Amino acid sequence: MPPVPLHPFRPRLLDALKDYDRTRFAKDLGAGLTVGIVALPLALAFGIASGVKPEQGLITAIVAGFLISALGGSQVQIGGPAGAFIVIVYGIVEKHGVTGLLISTAAAGVLMLAMGLFRLGALIRYIPISIVIGFTNGIAVLIALSQLRDALGLPIDKMPGEFFAQVSVLGRHLVHTNGHALALTVACVLVLVLWPRLAARWRALARVPGPIVALVLATALVALLQLPVETIGSRFGELPNVLKQGLPDIELPPLAWERLQQLTIPIITIALLGAIESLLCARVADGMTDFKRHDPNQELMAQGVANIVSPFFGGIPATGTIARTVTNVRAGAVSPIAGIVHAAVLLLILLLAAPLAGHVPLAALAGILLFVAWNMFEGHQFLRLRQFAVTYRTLMLTTFVLTIVFDLTVAVEAGLVMACVFFIWRMGQLFSVQPQAATAAAPLPPGVAVFALYGSLFFGAVGKVEALPEQLPGGTRTVVLDMQRLVSIDASGLDALEQMWRSLQRQQVALVLAHVNPQPLSLIRRGGFEALLGAEHIVDSVGDALARQAG
């Protein structure tokens, strides 16, 4: 057996640097600065919402963002912590702790790297769009639910990870809603909604990202009016001053085989979600630019390396991020250098201005994440469901509900199983066995019945062939199967043909196969059915079969 060819490791950055000049660097520099500023509040918010320290979200954006841009297969994709991971990471931290999260992230990185090396990037595209829409909307609902504590200023020490428990806890504490926190949240959402419209009217404002405006205004209001709301500093303490304390120590988390077995589901979940999100994001970027299409296998390898390295700095899972990638494209990025600049900008902020982040109100970050969840939620997809088949509706709604009630892995696994069952059923419906009537041009000799096979004869359609002997009219002595429109056959289909032939033999009825296409004929010969049937019973056309019977 020949070895499986590995995908060559060749980052897109190497090709982008061939004709690189000052003009292109100026575009990348401007785009990188813009994306870096946009990424700052998102990185902090994603870290907090994931149940870890805010600086861990920022470190992830720096380390993983740099590696994904430097090693990836996309021209303009930006990587870092993503909203889709919030619920997953929070659940892992709740059940296995931060150490379990770091191990899961690194192991998922190894899995993603292997997927890229073995050229499995294209397989991610085979996941039905109904499943992708279902879990994306489910994650959006969970993100919004997870932010209600901070958005309403509820005095809840620790949010549970399970959906119904979260609803119950939130419901019991609604009477303690903090009006100041709620007002800040609403104000931040309004700023994010209205800012693009203001920027469209006054172009000078377009250079300032909406999330930064919302964050600065909310922080200033809290400081000036001394509003009684929680801040990053009051809950987590100040972000560490990296200039004084240095970067986090690189530590290898304790690792044991038993621990890896416990983390199997989280590892698969992170790897699967990271692969899907990054490749979907890269496809979005391809549609917005005229650059060469992304290399999915190289992108997976870069995502893998980023997720392997990031945990050693305390980072959380990372993937391609659509919002930051779209911002990067619109800001004029022309190469992965823009993503590297974005990581450098965040590093400078961490080095020089980290203590200031302690004054940011959590209600403002909740407002930003609620806006992210709203953008992720595709409500119009539910309104369009009546336009699609029952199978599409079932897949989407099942994945949506299971994502919310259980978790992403269960939802995707169930969705894929259902998709396979529906596909088998649909393909089985497409296969048919049609009796052919006599015509003036092709009269049927007495005792001869002709049936045409349409489609693919596989394990999901064998019942239609096995039932054929019971459908024959009395006096039949020869059955001719017209296989001109039979495009393929599998081992189960071949076995069904053989069983049908044996049933016909017991009835003393001969079987003739006419116009057999190359794939079915090859399997018939390799499977030994030609030897049982006799080569003389496999003819070129129905006309030849009828001529022999007439003779």
Side-chain angles (χ1 to χ4, degrees), residues 1-5 118-131 389-392 394-395 412-436 449-472 478-507 509-542 544-545:
M1 181 177 178
V4 178
F118 288 100
R119 303 173 182 267
L120 299 180
L123 295 182
I124 301 297
R125 298 177 181 174
Y126 296 147
I127 296 178
I129 190 63
S130 53
I131 294 179
V390 173
T391 53
Y392 180 96
T394 304
L395 280 177
V412 173
E413 287 174 351
L416 288 175
V417 169
M418 292 175 64
C420 291
V421 171
F422 287 147
F423 178 77
I424 292 169
W425 174 80
R426 187 164 58 250
M427 294 300 295
Q429 294 297 109
L430 293 176
F431 175 80
S432 63
V433 180
Q434 300 291 338
Q436 303 296 294
V450 179
F451 295 87
L453 306 186
Y454 295 84
S456 296
L457 179 54
F458 71 114
F459 63 90
V462 294
K464 296 179 180 180
V465 169
E466 292 171 342
L468 186 61
E470 286 74 31
Q471 301 172 4
L472 297 177
T478 300
V479 170
V480 179
L481 295 183
D482 181 2
M483 303 176 72
Q484 182 177 3
R485 294 175 181 83
L486 183 72
V487 294
S488 65
I489 185 174
D490 69 356
S492 297
L494 179 62
D495 181 71
L497 279 180
E498 185 175 334
Q499 296 305 320
M500 183 190 69
W501 170 70
R502 295 186 188 280
S503 295
L504 292 174
Q505 273 196 319
R506 288 191 290 270
Q507 299 177 31
V509 176
L511 175 65
V512 178
L513 307 182
H515 204 161
V516 186
N517 286 313
Q519 189 277 335
L521 182 60
S522 174
L523 186 59
I524 286 171
R525 287 172 174 168
R526 288 184 286 112
F529 185 49
E530 183 183 39
L532 289 173
L533 182 65
E536 68 278 7
H537 287 84
I538 300 177
V539 298
D540 292 336
S541 67
V542 174
D544 290 344

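Along the sequence shown, residues are numbered consecutively beginning with 1. A quick note: this is a predicted structure, and the numbers were derived from the prediction, not measured.
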Item to check | Which residues share a ring-ring contact (aromatic ring centres under 6.0 Å, His included) with Tyr392, sequence neighbours left out | outcome: Phe388
Next on the checklist: Which heavy atom of Pro5 sits nearest to which heavy atom of Arg119, and what is that distance?
Outcome noted: O-NE, 3.1 Å
Checklist entry - Shortest non-hydrogen contact from Val462 to Ser492? => result CG1-O, 3.5 Å
Item to check | Reported CD1-to-CG distance for the pair Ile538 and Asp544, which is rounded to 0.5 angstrom | outcome: 13.5 Å
Next on the checklist: Closer than 3.5 angstrom, by distance alone: can the side chain of Lys464 be matched with the main-chain N or O of Leu457 as a donor-acceptor pair?
Outcome noted: no
Checklist outcome for this item: Heavy-atom closest pair (Val480 atom, Ala514 atom, distance to 0.1 Å) is CG1-CB, 4.2 Å
Checklist outcome for this item: Heavy atoms of Trp501 and Leu532 approach each other most closely as CZ2-O, 3.5 Å
Checklist entry - Quick one: OG1 on Thr394 to CZ on Phe422, what's the gap to the nearest 0.5 Å? => result 4.5 Å
Checklist entry - Can you check whether Leu497 reaches Met500 side chain to side chain, under 4.5 Å on heavy atoms? => result yes
Checklist entry - Are any non-hydrogen side-chain atoms of Leu513 and Ile524 less than 4.5 angstrom apart? => result yes
Item to check | Qualifying salt bridge (Lys or Arg N to Asp or Glu O under 4.0 Å) pairs with a residue from residues 480-500, counting only residues at least two apart or across chains | outcome: Glu498-Arg502
Checklist entry - Do the side chain of Asn517 and the main chain of Leu486 share a donor and acceptor less than 3.5 angstrom apart? => result yes
Item to check | Sidechain-backbone polar pair: Asp540 side chain, His515 backbone, donor-acceptor under 3.5 Å | outcome: no
Checklist outcome for this item: Taking every heavy atom of Pro469 against every heavy atom of Gln507, the minimum-distance pair comes out as CB-NE2, 3.6 Å
Item to check | Minimum heavy-atom distance Val479-Val509, with the two atoms named | outcome: CG2-CG1, 3.8 Å
Item to check | Spacing of Glu466 atom CD and Ser503 atom OG [to the nearest 0.5 Å] | outcome: 8.5 Å
Checklist outcome for this item: Rounded to the nearest 0.5 angstrom, the CZ-CD1 distance for Phe529 and Ile489 is 8.5 Å
Checklist entry - Could you state the interatomic distance from CZ (Phe451) to CE (Met483), rounded to the nearest 0.5 Å? => result 14.5 Å
Next on the checklist: As a test of understanding, state which of Leu481, Leu521, Leu453 forms a side-chain contact (heavy atoms from CB on, under 4.5 Å) with Val516.
Outcome noted: Leu521
Checklist entry - Can you tell if the side chain of Met427 reaches within under 4.5 Å of the side chain of Phe431, non-hydrogen atoms only? => result no
Checklist entry - Can you tell me how far CG of Leu494 sits from CG of Leu523, rounded to the nearest 0.5 angstrom? => result 5.0 Å
